[in-house]
Amino acid sequence: MRVVPVPQLADNYGYLIIDEASGEAAIVDVAEAKPVLEAAKAEGVRITAILSTHHHFDHVGGNQDLINALGVGALRVFGYAADAERIPGISDPLDDGAEFNLGSLHGRALFIPAHTSGHVAYYFENDAVVFTGDTLFAAGCGRMFEGDAAQMKSSLERLASLPDDTRVYCGHEYTQGNLAFAATLEPGNERLQEWRKQAAALRALGEPTVPTTIGLEKAVNPFLRSDNEELRRSVQAKRPGTADDDVAIFAATRSLKDEF
Ligand code: ZN
Ligand code: FE
């Protein structure tokens with residue numbers, strides 16, 4: 001598998017997933033058809049599927065245009081089955097754990113609600129790659145529009161249970177802001193400081209900061225570190241009265257990030 005980030009709108013990423021054996025490709029999330037078509041042309045691949053992570057316009061707003069451009073029936077559109085009415089053009093509704101093939105690639109849907117109630121990740125175990133949409137970001141997580149802190153925490157934990165070397169491709173370029181926030185909670189985390197410098201260097205060159213990895217996220221992401229002592233002390237100092245349990249710390253961390 002080769003993965004090509006396709007920047008869309010202000011800071012969204014779609015991803016071309018290329019099966020080099022067949023020359024077929026899928027696109028994870030389409031906000032705008034044009035950059036996706038241009039990327040496919042530049043790579044010399046044929047798009048045969050859309051993998052939609054969730055219903056927000058900046059992830060599915062270009063589905064219909066891409067279907068129109070490539071011809072009705074030329075594309076399969078995957079999304080979470082129970083959210084099918086909010087995924088334009090859906091043809092292949094997936095339940096949690098459902099498996100599918102794209103050429104020689106083998107993927108699986110992981111239901112990870114809270115940002116929206118029908119959010120899925122797409123996991124390709126053989127390639128050690130996961131597409132996490134707006135649930136797990138590099139050094140951050142999505143807002144909880146259709147879920148609560150306990151649900152988001154368990155969705156993130158499900159992703160964190162994947163092998164450490166799994167590459168994580170997320171839905172937005174939010175890394176530098178996320179790392180700046182994370183550093184306010186864990187000034188003593190050296191891996192975080194190091195990643196912050198690397199991310200700044202990448203962005204200065206106009207390069208994406210993705211992918212990150214599950215192992216790196218476990219070491220730096222404040223939303224996977226509710227049990228870390230330094231982070232807990234920081235959160236409780238900024239939000240006096242926060243109960244000393246993981247979900248309360250997580251919820252307070254999310255609310256501090258909302259205001260950051
Ligand atoms: Zn979203
Ligand atoms: Fe988004």
Side-chain angles (χ1 to χ4, degrees), residues 3-17 26-36 39 50-66 77-90 93-94 96 109-123 129-149 151-156 158-159 168-181 199 203 208-212 217 221-224 250-251 253-255 257-260:
V3 180
V4 177
V6 183
Q8 302 173 60
L9 304 177
D11 52 28
N12 276 81
Y13 287 128
Y15 297 100
L16 267 186
I17 305 178
I27 179 76
V28 178
D29 285 348
V30 185
E32 308 173 274
K34 192 162 174 274
V36 173
I50 297 173
L51 305 182
S52 296
T53 60
H54 67 292
H55 75 85
H56 287 156
F57 78 97
D58 59 321
H59 299 262
V60 301
N63 281 17
Q64 200 55 56
D65 286 346
L66 194 67
V77 180
F78 296 84
Y80 187 57
D83 217 12
E85 76 231 26
R86 299 196 290 183
I87 307 294
I90 192 166
L94 302 173
D96 184 28
L110 303 178
F111 180 46
I112 47 166
H115 177 68
T116 70
S117 60
H119 198 300
V120 283
Y122 295 98
Y123 178 45
V129 166
V130 67
F131 299 92
T132 58
D134 286 359
T135 299
L136 175 61
F137 291 126
C141 77
R143 289 177 189 253
M144 301 170 305
F145 291 119
E146 300 177 1
D148 61 15
Q151 191 179 46
M152 179 58 96
K153 190 170 186 302
S154 79
S155 289
L156 292 172
R158 190 164 182 206
L159 295 170
V168 175
Y169 291 91
C170 57
H172 289 266
E173 180 61 65
Y174 288 162
T175 311
Q176 284 187 283
N178 287 342
L179 287 165
F181 171 70
R203 294 309 291 152
T209 58
V210 289
T212 173
E217 290 311 306
N221 191 318
F223 299 99
L224 294 174
F250 182 98
T253 305
R254 186 58 260 181
S255 112
K257 177 65 172 64
D258 290 344
E259 292 164 20
F260 181 67

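Numbering of ligands and ligand atoms starts at 1, following listing order. Predicted model, so just to flag it, every value in this text is computed and none were measured.
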Heavy-atom check, side chain of Phe131 versus side chain of Val3, under 4.5 Å: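 A side-chain contact under 4.5 Å exists here.
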Near the Fe ion (ligand 2) (under 2.8 Å) - protein N, O or S atoms: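 Listed by chain and number, the nearby protein N, O or S atoms are Asp58 OD2, His59 NE2, Asp134 OD2, His172 NE2.
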Criterion side chain to side chain donor-acceptor pair (under 3.5 Å) against Asp29, the qualifying member of Asn63, Thr53, Asn12: Thr53
Short N-O contact, Lys153 and Asp148, less than 4.0 angstrom: no
For [X] and [Y], test the side chains for any donor-to-acceptor distance below 3.5 angstrom and give the result as yes or no.
X: Ser117; Y: Arg86; value: yes
X: Asp83; Y: His54; value: no
X: Tyr13; Y: Gln8; value: no
X: Thr209; Y: Glu173; value: yes
X: Glu217; Y: Asn221; value: yes

Geometric class of the His115/His119 ring pair [parallel <30°, tilted 30-60°, perpendicular >60°]: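 Because their plane-to-plane angle is over 60°, the rings of His119 and His115 count as perpendicular.
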Residue and atom names of protein N/O/S atoms that fall under 2.8 Å from the Zn ion (ligand 1): His54 NE2, His56 ND1, His115 NE2, Asp134 OD2
